[in-house]
Amino acid sequence: MFATRKLGVIGAGNMGEALIRGALKAGVVQRNRVVASRRTEDALLRLQEELGIATTTDNAALLRDCEVVVLGVKPQGLVALVESQRGHFRADHVVLSIAAGVTTRTLEDAIGLPVAVVRAMPNTPALVGEGMSPYCRGRHADESHALLAAELLSSVGKAIHVPESLMDPITATSGSGPAYVFYLVECLNRAAEEIGLPEHLGRALIRQTILGAAKLLVEAHESPAELRRRVTSPGGTTAAAIAELEAGHFPELVTAALVAACRRASELGRSST
Ligand SMILES: NC(=O)c1ccc[n+]([C@@H]2O[C@H](COP(=O)([O-])OP(=O)(O)OC[C@H]3O[C@@H](n4cnc5c(N)ncnc54)[C@H](OP(=O)(O)O)[C@@H]3O)[C@@H](O)[C@H]2O)c1
């Protein structure tokens with residue numbers, strides 16, 4: 001899909017850099033066809049040395065040079081940045097924004113041209129090639145632009161096309177999702193110590209258990225309820241633990257957490273315009 005097109009990443013921070021690394025590794029784009037920008041010269045030098053790509057602090061030059069442009073800056077400054085580059089966007093640009101909460105409409109208005117905009121919501125496992133990146137199309141993006149974005153996003157995990165109206169619940173589910181798992185691990189680590197496991201042993205057991213359970217969930221093609229049922233004998237240890245979680249209203253708490261995240265995503269989206 002990229003063919004002879006050049007990829008520019010404005011804001012090659014954690015996520016932007018992960019996308020560049022993924023795209024290079026997957027052979028989606030050649031290193032001599034990538035330009036990265038950020039403000040810190042030292043960080044750009046490191047990118048040049050480690051990845052063999054071109055870098056710049058000049059976003060206008062990047063826009064002149066590249067056809068596919070990833071916007072990887074933080075949502076707070078994104079609209080101002082795009083507006084400051086208004087004159088440098090062209091109708092043949094394909095813009096992929098990964099900024100949480102900023103709608104395609106907001107970006108189209110900030111660009112001021114009928115440019116193809118694709119908006120994605122990756123998550124941090126993209127840093128290890130296991131991201132989940134739902135994406136949606138703006139008004140001027142067609143199937144070919146969506147495929148281009150999907151090719152790029154798939155180089156750091158899975159990508160799935162969704163309606164933009166689902167982006168807030170998606171942000172609350174898979175965007176913030178890794179943090180819920182890490183939080184559960186923190187709680188398990190603490191609890192394992194409290195029931196007498198040495199710290200290092202408890203952590204090692206829990207890390208591998210999370211990895212193993214995730215693999216089983218993905219590979220066994222069975223529902224989580226069925227997988228849980230298999231380790232839950234009536235009157236057994238797992239049943240005792242689950243009864244305690246239910247008595248503490250764990251399911252309702254999880255729903256309340258996602259509702260709060262979804263509400264916040266929508267508030268942040270409104271304040272980014
Ligand atoms: N982390 C996540 O879980 C996650 C998940 C989904 C989506 N996202 C989205 O991904 C985006 C980036 O997040 P991140 O965690 O990767 O943040 P990050 O590491 O802080 O990256 C942002 C980058 O933008 C650069 N930047 C700021 N102003 C710039 C400018 N005027 N020109 C060029 N570059 C500029 C910064 O460069 P300097 O540091 O050199 O100033 C920094 O490298 C955000 O919009 C976020 O919503 C993140």
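Read the numbers this way: they start at 1 and go in the same order the structure lists the ligands and their atoms. Count residues from 1 along the sequence. All values below come from the heavy atoms of this structure, side chains included, with hydrogens, waters and symmetry mates left out.
Of all protein heavy atoms, the one lying nearest to atom 41 (O) of ligand 1 is R39 NE, 2.8 Å. In this structure, the protein non-hydrogen atom closest to atom 39 (O) of ligand 1 is R38 NH2, 2.9 Å. The protein heavy atom nearest to atom 24 (O) of ligand 1 is G11 CA, 3.4 Å. When only non-hydrogen protein atoms are considered, atom 35 (C) of ligand 1 lies nearest to V73 CG1, 3.5 Å. For atom 13 (O) of ligand 1, the nearest protein heavy atom (residue, atom name, distance) is K74 NZ, 4.1 Å. The nearest protein atom to atom 42 (C) of ligand 1, hydrogens excluded, is given as G13 CA, 4.0 Å; this is a heavy-atom distance.
Put simply, the side chain of R90 gets close to the backbone of R64: a donor and an acceptor are under 3.5 Å apart. Judged purely by atom type and a 3.5 angstrom limit, R203 has no side-chain atom pairing as donor or acceptor with the backbone of N189. Side-chain atoms of E164 come within 3.5 Å of backbone N or O of T104 as a donor-acceptor pair. For R38 (side chain) and L44 (main-chain N/O), no donor-acceptor pair under 3.5 Å exists by modelled atom type. Side-chain atoms of S155 do not come within 3.5 Å of backbone N or O of A26 as any donor-acceptor pair. Between the side chain of H145 and the backbone N or O of R137 there is no donor-acceptor pair closer than 3.5 Å. Between the side chain of R31 and the backbone N or O of L51, at least one donor-acceptor pair lies under 3.5 Å. A donor-acceptor contact shorter than 3.5 Å is absent between the side chain of S266 and the backbone of C262.
Between M121 and ligand 1, a contact under 3.5 Å exists for no N or O pair. Looking at N14 next to ligand 1, an N or O pair under 3.5 Å apart turns up. Geometrically, ligand 1 and M15 share a nitrogen or oxygen pair separated by less than 3.5 Å. For G16, no nitrogen or oxygen atom sits less than 3.5 Å from a nitrogen or oxygen atom of ligand 1, counting backbone and side chain alike.
Residue contacts with ligand 1 include S37, since one of its heavy atoms falls under 4.0 Å from the ligand. Contact between G72 and ligand 1 is present, with at least one heavy atom of the residue lying under 4.0 Å from the ligand. For P122, the closest heavy-atom approach to ligand 1 falls below 4.0 Å.
Ion pairing between E83 and R86 fails under the 4.0 Å rule for side-chain N and carboxylate O. Using a cutoff of 4.0 Å between basic side-chain nitrogens and carboxylate oxygens, E267 and R264 are scored as salt-bridged.
In L81, the part holding a heavy atom less than 4.0 Å from any atom of ligand 1 is the side chain. At a heavy-atom cutoff of 4.0 Å, ligand 1 is contacted by no atom of T57, backbone or side chain.
By heavy-atom distance, the residue among N59, I98, T124 lying nearest atom 32 (N) of ligand 1 is N59.
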